[in-house]
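The figures that follow rest on heavy atoms only: side chains count, while hydrogens, waters and symmetry mates do not.
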Amino acid sequence: MQRINKNVVLAVLTAASSLFLIFQLFYFKYYLSGKNGPGFSNLKGIISSQETTQWRVVKKFLNLVTNHKVPVFVVDSALLQIINKDLEQLKSTPGIRPQCHCFCEQRDVTTFGLQDALWESNENFFRAAEKMGFQWQKYEGRDPRLEGIEDLSGTKIPLHYIFKMASHTIHLVVFYERSSNYLWHGPLRLKRKMDRKFVPFRKLQFGQYAGAYNRPELILITADQLKMWIPKDPSEFLREILHSRFLECRYKEARSFFQLYPDDYSVDAIEFRMHAKRLLHLATLTLGDIGVTFWLSSGTCLGWFRQCNIIPYSKDVDIGIFIHDYKPEIIPAFQKAGLQLKHKFGKVEDSLELSFIEKHNVKLDIFFFYEEENYMWNGGTQAKSGKKFKYLFPRFTLCWTEFEELKVQVPCEAKEYVEANYGKNWDVPVKAWDWKNSPPNVQPNGIWPVDEFAEVIQIY
């Protein structure tokens with residue numbers, strides 16, 4: 001065997017060491033120097049994001065929708081939370097930045113939204129998706145915009161699209177414009193013959209129920225080398241997600257109700273409903289301007305739930321407000337809007353109630369609700385005697401609905417709320433109603449001290 005020359009081996013090792021040293025100096029200069037910032041962590045972030053299946057699938061999907069001019073925007077709460085933390089930085093440096101933001105950790109689902117009015121469904125789009133390797137499914141539902149008491153439409157519209165590639169799911173939620181200029185999406189319901197194992201449906205954030213949102217203004221950002229449209233105010237959109245649940249008016253039940261109890265089309269009934277509708281619109285605008293949340297309560301809530309309309313013999317509009325949302329600006333705001341304060345009963349700490357009246361003598365009654373551990377309640381006061389009353393309700397949360405061409409809130413647990421106030425026979429009209437005795441949830445709550453009458457019983 002030929003003897004290896006030690007000098008040659010030493011020369012090779014020296015050359016290799018020199019090359020390695022030069023590489024280290026080059027790496028330090030371009031990636032670790034203070035001049036270029038913390039480049040090592042940035043580079044590592046970019047590699048980690050590109051290596052995730054989510055990043056690769058999302059990139060392909062964004063290329064697909066861009067090529068076919070499908071204006072999707074991010075509605076994924078996990079992504080929006082991450083983006084929101086670095087939003088100003090992302091907007092100030094819109095170019096490619098070597099830093100992992102959105103896709104550093106693997107997630108199974110990424111969710112986008114699409115406004116139906118801005119896109120016309122095209123078969124070429126879905127064929128292109130299939131050529132790229134996507135599997136997809138469409139989920140339809142009834143179009144609520146075409147439904148009413150007189151017409152229970154069966155028209156189907158696409159509500160959700162699911163795209164799948166490898167182990168990642170793209171959920172595309174279709175938003176529709178409703179009459180009150182807000183966006184609505186429907187629930188995702190699987191039909192009997194549909195593949196329930198197509199994607200992990202339980203992990204989808206949207207689709208368990210319908211939702212309602214204000215129309216978001218969108219901005220374009222670049223994160224993880226991907227260009228994406230997002231709501232201009234991600235934090236506000238995230239807040240809306242938490243309280244987006246939407247309840248449709250029960251037109252089928254309302255139609256059955258009117259078959260048993262024909263509606264009142266007298267001149268007085270038509271005029272009252274017209275004035276009550278205007279008053280509800282005014283209340284929505286006034287309270288919205290000062291940032292006070294409210295919901296339909298008492299007879300107005302019953303009218304929505306039972307007959308999808310204002311009850312013509314109720315003679316007022318009733319709304320509820322949680323006492324923690326009370327603001328001193330409420331009274332002057334309504335007075336500025338043209339309403340007269342009719343009475344103020346109770347106080348902020350106990351049984352507060354406000355009543356306003358408009359020029360056609362239609363009242364707006366505002367009941368303030370107090371929360372206890374196991375129930376909620378609002379108070380009532382008899383002006384002549386100073387007697388106090390308490391109306392108990394099971395605890396409830398708030399949902400959106402559409403009523404009288406308005407996006408307004410109602411108790412999500414609507415039936416329980418109505419039953420508490422009107423009993424099991426709430427579906428039978430009762431015109432003779434005594435607010436002190438008729439409600440099944442009313443109970444005596446003492447009497448106001450005489451020396452407080454001037455404060456807690458104010459009639460104008």
Side-chain angles (χ1 to χ4, degrees), residues 54 58 61-62 65-66 70-92 94 101-105 107-119 159-163 169-188 203-224 226-247 284 287-295 325 397-402 406-410 412:
Q54 182 188 21
V58 170
F61 181 75
L62 291 176
V65 297
T66 299
V70 182
V72 304
F73 60 101
V74 177
V75 296
D76 191 293
S77 60
L79 285 184
L80 290 177
Q81 287 172 7
I82 295 170
I83 291 170
N84 193 48
K85 293 179 181 178
D86 271 337
L87 183 59
E88 293 306 318
Q89 190 177 8
L90 288 170
K91 290 194 297 185
S92 62
H101 279 278
C102 302
F103 304 101
C104 310
E105 297 181 6
R107 289 185 294 274
D108 295 328
V109 181
T110 305
T111 313
F112 292 91
L114 170 65
Q115 294 187 41
D116 174 75
L118 303 180
W119 175 64
L159 300 177
H160 299 263
Y161 292 97
I162 301 290
F163 296 84
T169 298
I170 299 291
H171 181 192
L172 184 58
V173 183
V174 186
F175 289 83
Y176 291 87
E177 183 177 335
R178 298 287 290 257
S179 61
S180 188
N181 196 33
Y182 64 93
L183 298 181
W184 169 92
H185 72 78
L188 194 160
K203 293 185 178 182
L204 301 184
Q205 180 184 356
F206 291 78
Q208 182 178 355
Y209 43 73
Y213 294 81
N214 293 325
R215 187 189 306 276
E217 182 180 351
L218 303 178
I219 59 172
L220 184 64
I221 65 163
T222 300
D224 293 2
L226 301 177
K227 289 186 177 182
M228 299 174 286
W229 289 95
I230 66 166
K232 184 178 180 180
D233 188 348
S235 59
E236 174 60 26
F237 192 84
L238 287 167
R239 281 192 292 270
E240 285 197 71
I241 289 177
L242 295 176
H243 307 285
S244 63
R245 186 178 176 184
F246 184 93
L247 298 180
T284 301
L287 292 173
D289 285 345
I290 59 176
V292 174
T293 298
F294 77 94
W295 66 92
D325 289 328
T397 53
L398 296 179
C399 287
W400 292 105
T401 192
E402 184 171 315
L406 277 175
K407 172 178 170 253
V408 292
Q409 290 186 294
V410 293
C412 298

Test side chain to side chain donor-acceptor pair (under 3.5 Å) applied to [X] - qualifying residues, sequence neighbours left out:
X	result
Thr293	none
Trp295	Tyr417
Gln208	none
Arg215	Gln115, Glu177, Asn181

Between [X] and [Y], which heavy-atom pair has the shortest distance, and what is it?
X	Y	result
Leu247	Thr401	O-OG1, 2.7 Å
Leu114	Phe73	N-CE2, 3.9 Å
Ile83	Cys102	CG1-SG, 3.6 Å
Gly113	Phe175	CA-CE1, 3.8 Å
Phe112	Val75	C-CG2, 3.6 Å
Pro231	Ile219	O-CG1, 4.4 Å

Just checking, any donor-acceptor pair under 3.5 angstrom between side chains of Thr110 and Gln54? yes
What's the spacing between [X] [atom1] and [Y] [atom2] if we round to 0.5 Å?
X	Y	atom1	atom2	answer
Leu79	Ile230	CG	CD1	10.0 Å
Met228	Asp76	CE	CG	10.0 Å
Tyr182	Leu406	OH	CG	9.5 Å
Cys104	Ile82	SG	CD1	7.0 Å
His171	Phe163	NE2	CZ	10.5 Å
Glu217	Phe237	CD	CZ	14.0 Å

Look at the rings of Tyr213 and Phe206 and say which category their plane angle falls in: under 30° parallel, 30 to 60° tilted, over 60° perpendicular. tilted
A side-chain contact here means heavy atoms from C-beta on lying under 4.5 Å apart; do [X] and [Y] qualify?
X	Y	result
Leu172	Val65	no
Lys227	Thr66	no
Thr397	Arg245	no
Leu238	Leu242	no
Phe294	Thr284	yes
Pro216	Leu183	yes
Gln205	Val173	no
Leu204	Ile162	yes

For residues 108-117, which residue pairs qualify under salt bridge (charged side-chain N to carboxylate O under 4.0 Å, His left out), counting only residues two or more places apart or in two chains? Asp108-Lys203
side-chain contact (heavy atoms from CB on, under 4.5 Å) with Glu236: which residues, sequence neighbours excluded? Asp233, Arg239, Glu240
Verify, without hydrogens or angle tests, whether Asp224 (side chain) and Leu226 (backbone) share a donor-acceptor contact under 3.5 angstrom. no
If only atom types and distance count, is the side chain of His160 paired as donor or acceptor with the main-chain N or O of Gly186 below 3.5 Å? yes
Please say which of Trp400, Phe246, Trp184 ends up in a side-chain contact (heavy atoms from CB on, under 4.5 Å) with Lys407. Trp400
